[in-house]
Chemist: 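First the structure, then my questions, so here it is.
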Amino acid sequence: MRLSRILATTALIAAAPSAALATNGYFSHGYGTKNAGMAGAGTALSQDSIAATNPAGMAFVGSRVDGGLEVFSPRRRYGVEGGAPNIPGKTFYLAPGTVQSENDAFLIPHFGYNRALGNGHSLGLSVFANGGMNTEYSGENGGTFGAGKTGVNLEQLFIAPTWSWEFSDGQALGISPLIAYQRFEAKGLQAFGNLELSSNPNALTNNGTDEAWGYGLQIGWQGKLTDTLRAGLSWRTILQMEEFNKYEGLFAEQGGFDIPQMFNAGIAWSGLENHWLLLDVQHIRYSEINSIGNPMMPALMSAWGGDASSQLGGDNGPGFGWDDMTIVKLGWQWQQSNEQTWRAGVSYGEQPIADEEVLFNILAPGVQEWHFTGGFTHRFSEALEVSGMAFYSPRKTVRGENPMGPGQHIELSMSQVGASFSVGYQF
């Protein structure tokens with residue numbers, strides 16, 4: 001069996017449900033049950049074999065295997081105020097009212113394996129997911145954009161073989177050559193083609209699921225600064241992805257949808273007996289990816305003026321207009337006993353959608369800012385443990401004028417809840 005088929009099978013098994021996670025933009029707020037239970041803080045303190053935050057941490061977790069499942073429920077809706085006045089020219093008004101996305105429950109697995117090889121070296125494999133771009137609006141009353149059922153579904157899966165090396169006492173480096181798999185589908189966007197806003201209306205919407213493979217690299221350092229203070233740094237490159245050919249009339253650069261680069265920095269302090277306090281800062285550069293960061297206006301006005309490169313799918317075509325995000329994460333862990341550990345966390349990052357970008361982001365209302373989390377681990381033996389996590393992200397609303405319908409206002413809104421459970425085994 002060819003390697004690509006093996007990887008495709010792995011990806012399809014792991015991403016079989018529609019992937020949607022508690023999100024900062026569309027990146028997960030944390031990876032693995034332990035990390036997510038501290039709001040994603042953990043760049044300086046790794047505790048399982050999910051190497052998404054910092055591959056260097058695999059040098060300190062020993063030989064182990066971890067597997068878990070997250071139940072996630074986002075509640076997304078949009079509201080429209082204002083009618084459709086008879087304004088001459090090319091305008092696009094939505095039907096007034098409030099519409100809620102129909103799909104609001106998802107199951108997302110994660111998996112990790114690490115093997116200590118001796119002399120400070122370890123080899124591992126982590127499988128984890130992203131995916132906050134998922135909406136499905138009813139086709140009632142013509143649908144959101146007048147073309148029946150409307151929405152998008154983006155799923156992303158990462159396969160991360162990892163080598164880590166504790167090169168001196170308490171100091172480690174790690175590297176993960178990342179393999180990324182993503183798939184996408186869009187429905188109900190015919191209106192943008194009818195308005196001559198797509199470079200290829202036949203590859204704009206309703207073409208079923210398309211898929212793409214890509215690659216990138218993540219490197220990290222994690223180490224001890226003092227007896228009570230640890231620190232960590234990691235950087236993930238832009239992941240260069242194949243184009244979504246079925247949607248080359250939607251995404252900029254003829255279907256381009258690379259995955260943004262990401263930076264993590266953190267410290268972990270154990271100056272209080274049996275307690276850890278963690279502080280992380282994460283930076284995600286959404287603006288560097290044209291299909292995500294390009295604003296909708298004035299590109300579409302240029303498209304109406306005859307500039308084909310500014311149409312949807314063009315080299316300078318509009319995207320979702322997302323800004324970069326910087327997220328601050330604070331985590332706490334208490335080792336109550338040899339068997340029982342408790343966790344809590346809070347994170348905040350200003351959401352990436354500007355007021356003037358609300359129209360297109362009906363499809364991807366990634367507006368969350370706060371996450372509040374709690375979790376635990378219970379050890380049944382030296383080898384076997386179970387962990388749990390729950391989180392709440394309160395409702396956030398973004399309101400702005402319809403850029404294609406003067407005088408009409410659109411309000412995006414979402415809240416999130418979820419929980420995960422995992423099993424870890426040391427050998």
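Model, not experiment: these values are computed from the prediction. Just so it is clear, the values below take in all heavy atoms, side chains as well, and ignore hydrogens, waters and symmetry mates.
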Chemist: Output yes when Glu339 and Arg379 qualify as a salt bridge under the 4.0 Å nitrogen-oxygen rule, no when they do not.
Modeler: no
Chemist: Would you check if there is a donor-acceptor pair between the side chains of Thr43 and Thr53 at a distance under 3.5 Å?
Modeler: no
Chemist: Keeping the roles fixed (side chain from Asp66, backbone from Gly112), state whether a donor-acceptor pair exists under 3.5 Å.
Modeler: no
Chemist: Answer with yes or no after comparing the ring centroid distance for Phe380 and His378 against a 6.0 Å cut-off, counting only values under it.
Modeler: yes
Chemist: Could you tell me if Gln218 and Trp235 have a donor-acceptor pair between their side chains, going purely by distance under 3.5 Å?
Modeler: no
Chemist: Tell me, which pairs form a salt bridge (Lys or Arg N to Asp or Glu O under 4.0 Å) where one or both residues lie in residues 275-303, sequence neighbours left out?
Modeler: Arg285-Glu288, Arg285-Asp324
Chemist: Describe, in one word, how the ring planes of Phe192 and Phe92 are oriented to each other, choosing from parallel (under 30°), tilted (30 to 60°) and perpendicular (over 60°).
Modeler: perpendicular
Chemist: With no hydrogens and no angle check, just 3.5 Å: does a side-chain donor-acceptor pair link Gln47 and Gln333?
Modeler: yes
Chemist: Whether the side chain of Thr373 engages the backbone of Ala344 through a donor-acceptor N/O pair (distance < 3.5 Å, no angle test) should be reported.
Modeler: no
Chemist: Between Tyr26 and Tyr286, does the ring pair (Phe, Tyr, Trp, His ring centres under 6.0 Å) criterion hold? Intermediate values first, please.
Modeler: CA-CA 10 Å; Tyr26 75 84; Tyr286 289 119; 5.7 Å; yes
Chemist: Is NZ or CZ of Arg77 both nearer than 6.0 Å to the six-membered ring centre of Tyr137 and within 45° of the ring axis?
Modeler: no
Chemist: Between Gln282 (side chain) and Phe263 (backbone), is there a donor-acceptor pair under 3.5 Å?
Modeler: no
Chemist: So, Glu350 and Lys396, do they make that salt bridge, N to O below 4.0 Å?
Modeler: no
Chemist: Check ring-ring contact (aromatic ring centres under 6.0 Å, His included) between Phe372 and all other residues, then give those that pass, not counting sequence neighbours.
Modeler: Trp370
Chemist: Does a salt bridge link Arg64 with Glu385, judged by any charged N lying under 4.0 Å from a carboxylate O?
Modeler: yes
Chemist: If the threshold is 4.0 Å, N to carboxylate O, is there a salt bridge linking Lys149 and Glu102?
Modeler: yes
Chemist: Quick one: does NZ or CZ of Arg115 land under 6.0 Å from the six-membered ring centre of Phe427, within 45 degrees of the ring axis?
Modeler: no
Chemist: Taking the six-membered ring for Trp and the single ring otherwise, decide whether the centroids of Tyr181 and Tyr215 are under 6.0 Å apart.
Modeler: no
Chemist: Any salt bridge between Arg75 and Asp104, counting N to O under 4.0 Å?
Modeler: yes
Chemist: Hey, what do you get for CE (Met414) to CD (Glu369), rounding to the nearest 0.5 Å?
Modeler: 11.0 Å
Chemist: Can we say Arg399 and Glu81 salt-bridge, meaning some charged N sits less than 4.0 Å from an Asp/Glu carboxylate O?
Modeler: yes
Chemist: Classify the angle between the aromatic ring planes of Phe128 and Tyr31 as parallel (below 30°), tilted (30 to 60°) or perpendicular (above 60°).
Modeler: perpendicular
Chemist: Scan side-chain atoms only and decide if Ser309 and Asp315 contain a donor-acceptor pair under the 3.5 Å cut-off.
Modeler: no
Chemist: So which of Glu155, Gln156, Glu211 actually passes side chain to side chain donor-acceptor pair (under 3.5 Å) with Arg183?
Modeler: Glu155
